[in-house]
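Structure first, then comments.
Naming convention: chains lettered A, B, ... in sequence-line order (proteins, then strands); numbering from 1 in each chain.
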Amino acid sequence: MTSEDKRLLSVDVKKRLLHEMLFARRFEERCYEAYVERKIGGFLHLYPGEEACAHGVLEAARVGHDYVITSYRDHVHAIKSGVDPKAVMAELFAKVTGCCKGLGGSMHIFGVEQRFMGGYALVGGPFPLAAGIAKGIQMKGGDEICICFLGDAANNQGTFHESLNMAKLWNLPVLYVCENNLYGIGTRIDRSTAVVDQYKRVSGYNIPSQQVDGQDVEVVYAAAAAAIDHVRGGNGPYFLELMTYRYRGHSMSDSNAYRAKDEERMWSKRDPIIMLRDRLIDDGQLTQETFKKTDDQILEHIEDEIIRFAEESPEPTMDLLQKYVLVENDPWVKGGAH
Amino acid sequence: MATMMFWEAIRRALDEEMARDPMVICMGEDIGVAGGTYKATQGLYDKYGPERVMDTPISENGFTGLAIGASFVGVRPVVEIMSVNFAWLATDQIVNTAAKVHYMSGGQIKAPIVIRTPGGTAHQLGAQHSARMEKVFMGVAGLRVVTPSTPRQAYGLIKSAVRCEDPVLINEHELIYNLKGEVPDEEYFHPLEGSEIARQGKDVSLFGYNVSVHWCLQAAKKLADQHGIDAEVIDLYGLNPLDRAGIAESVSKTHRAVVVEEAEAPVGVGAEVMAILNEECFFEMDAPPARVSALNVPIPYNHTLEKAAIPNADDIVKAVLKLFGK
């Protein structure tokens, strides 16, 4: 990493990213509370600790132009892709104002208008979907790329190998981002995976790759910018491994008892938000007081705008129950429009 | 009206749709340079090139998933899964993604993919190449399942399926790719829902689909020639959804029903049609409905045993005679 790369982010952008990451943290923490209050049902997979991954990569992408697809830990990716946080929270609250009208839930956040192509709940499922979106881009000749975020444990699925092979074979414009948080549900990576360094696993497919610190948003941004240039330049797929850590268990039903407290303490010192905050304070660009004030404003905004919207929104009506099983009124079902 | 073989009818439909819409592509194992195991894509590679007639690696779940992803952004992929047995590997992407993504995205995403795959028992292919999976797919909400028995249906179903916005699985059959039949000279779009009367009759309704329609027709001829029973044969080309009204209409006329399926009986087409008969026309029936199904065994290699595992026209005749107390 050269210092030149780091200068790519202006002070204003860094401040904005700090704000966005803090918002993402508070948003997810508020989801936790709402889950405990039984306002959110089902399974809930939270993102605290990993904020620099989604924010660093998508800051380097062309949001709304490039396609994004991910797993079930998807709220923050959706928000950074431009999906309205109110629509995300309302979806979690299973309301009709949710981005999927209350039919999707936490693991299935979608924002197709923003080209956020969804969260999918089968581990490794999005690998081939991303390659397919990239095939569509290639056929249409645009300069979009598809960015696929998945965790390290997804790489033990067959779809990982099948998709990397096809992506390279057909030179598809897809960036695979591996958020390596060291655990697949509750199993530590060295207990499930023969090769722990994920970026090495793609060398068998001749796909260029890099492993970087996923806690430093500036590092992530710079690595992602280079990776995206590669893919957008027509050079085929790229694999970017981001070393990160999630603070909470895999999902809300995970007691998180399998991790050593020392390990958790060590990673908490490398918190992506604290690291960026302290850097800005050290550079004289931010004060502790301003940061605290921002945090308070975010908390207030989440409560007054986002939670209130989700709380006050109506439930989906029964007419939605069967509405989207098949596409309505498709003339070809009857053999055409005649 | 031209006479052509089943595989030629498929090829014609694919060729016409690819010529019309540059976003229509074909994908599958050996479908390009080699022209397809059953010749359904013969010549298309030379005409449309490797970007649109894609020879895939042997990665069924992977390339089916890739096709589904492409369908999200305007591509119209027609995937050939060489044998339905291999579709088990792709059920993850077919069931978990293609069938559910429109619903779980609140209507934001459509997955207009076509999956063509031959299912059924052919000639001594053994347990792992003789699966009949229609029962699996027809039970999946959000996935249309059709199964052609004639070249005309094959042609028209592909034409409609390619243009339909839903994911459509077309269950073909290895034994009838060389079957000859008439196909309209002009463009023809077959409905994706419903059933057809393959033979008019008044005494008993025989329900078949795909290859079992032909067994039913053979049985109907024997019943007429040898027993004076006038059987109606209903071709259930649409398996999901099934033609509830059409099934009830025929039995309301004949008052007797035999369902013929190439698959094992449990949880299959036969069970489903009989449930519909119970729900729709219980009081119309003069005898309890019967089903003729395969034995509930993996398909054996030995030719004699293989034939014994799968129903035939004589089994259907016997089942009908029993309904008449003969």
Side-chain angles (χ1 to χ4, degrees), chain A residues 67 69 91 98-105 107-113 115 117-118 120-122 124-140 144 146 158-159 161-163 165-167 169-170 172 316 320 323-328 330-336 338, chain B residues 22-23 25 27 50-52 54 56-57 59-75 77 89 92-93 96-97 99-110 112 141-144 156-157 159-167 187-194 241:
Chain A
Y67 292 89
I69 190 165
E91 184 63 31
C99 52
C100 304
K101 302 182 171 69
L103 299 175
M107 302 193 285
H108 307 303
I109 301 295
F110 284 79
V112 171
E113 215 171 286
R115 296 196 168 172
M117 305 305 280
Y120 297 81
L122 274 289
F127 280 124
L129 301 175
I133 290 168
K135 167 72 183 173
I137 294 168
Q138 189 183 58
M139 282 180 69
K140 292 191 250 184
E144 303 95 327
C146 184
T159 49
H161 299 278
E162 295 181 15
S163 303
N165 180 49
M166 292 185 292
L169 184 67
W170 296 323
L172 300 176
L320 283 178
K323 189 173 165 69
Y324 299 114
V325 179
L326 294 164
V327 175
E328 285 187 311
D330 187 314
W332 302 105
V333 170
K334 307 268 179 246
H338 40 76
Chain B
M23 296 309 277
I25 63 170
M27 295 176 58
E51 309 289 320
R52 292 184 63 201
M54 301 172 76
T56 63
S59 308
E60 285 84 6
N61 200 37
F63 69 70
T64 304
L66 188 148
I68 294 166
S71 80
F72 294 174
V73 293
V75 182
L89 294 165
D92 166 37
Q93 289 293 343
N96 283 318
T97 309
K100 292 177 180 159
V101 71
H102 184 60
Y103 192 88
M104 70 193 200
S105 67
Q108 292 184 68
I109 288 192
K110 292 172 188 163
L143 179 68
R144 291 188 176 278
L157 286 170
K159 296 278 290 183
S160 297
V162 167
R163 301 190 188 196
C164 176
E165 300 279 1
D166 297 315
E187 272 197 314
Y188 166 67
F189 299 91
H190 199 288
L192 298 171
E193 290 181 359

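- Note on A:E328, A:E113, A:M166: by heavy-atom pairs under 4.5 Å with chain B, the leading option is A:M166.
- With values rounded to the nearest 0.5 angstrom, B:K100 atom NZ is found 13.0 Å from A:Y120 atom OH.
- The side-chain heavy atoms of B:C164 and A:V333, taken from C-beta on, include a pair separated by under 4.5 Å.
- For the options B:I68, B:N96, B:T64, heavy-atom pairs under 4.5 Å to chain A are most numerous at B:N96.
- In terms of heavy atoms, B:G62 sits closest to A:P128 at O-CB, 3.3 Å.
- Within the 4.5 Å cutoff, the side chain of B:E51 has no heavy atoms near those of the A:W170 side chain.
- Atom CD of B:E187 sits in a crowded spot, with more than 12 heavy atoms from other residues, nucleotides or ligands closer than 6.0 Å.
- The candidate from B:R52, B:K110, B:M54 with the greatest count of non-hydrogen atom pairs under 4.5 Å with chain A is B:M54.
- In this structure, the side chains of B:V73 and A:M139 stay at 4.5 Å or more apart for every pair of heavy atoms.
- B:E165 meets the side-chain hydrogen bond (donor to acceptor under 3.5 Å, both in side chains) test with B:R76; sequence neighbours excluded.
- Panel note: side chain B:Q108, backbone A:G118; no donor-acceptor pair is recorded below 3.5 Å.
- The shortest side-chain heavy-atom distance between A:V112 and B:F72 does not fall under the 4.5 Å cut-off.
- Comparing A:K323, A:H108, A:M107, A:K101 by how many heavy-atom pairs each has under 4.5 Å with chain B, the most go to A:H108.
- Here the side chain of B:E193 pairs no donor or acceptor atom with the backbone of A:K334 at under 3.5 angstrom.
- Using a 4.5 Å cut-off between heavy atoms, B:Y188 makes no contact with chain A at all.
- When side chains are defined from C-beta on, A:D330 does not count as touching B:L192, because their heavy atoms never get closer than 4.5 Å.
- The choice from B:A70, B:S105, B:S160 that makes the most heavy-atom pairs within less than 4.5 Å of chain A is B:S105.
- Between atom CE of residue A:M117 and atom CD1 of residue B:I109 there is a gap of 4.0 Å, rounded to the nearest 0.5 Å.
- Residues satisfying the ring-ring contact (aromatic ring centres under 6.0 Å, His included) test with A:Y324, not counting sequence neighbours, are B:H102.
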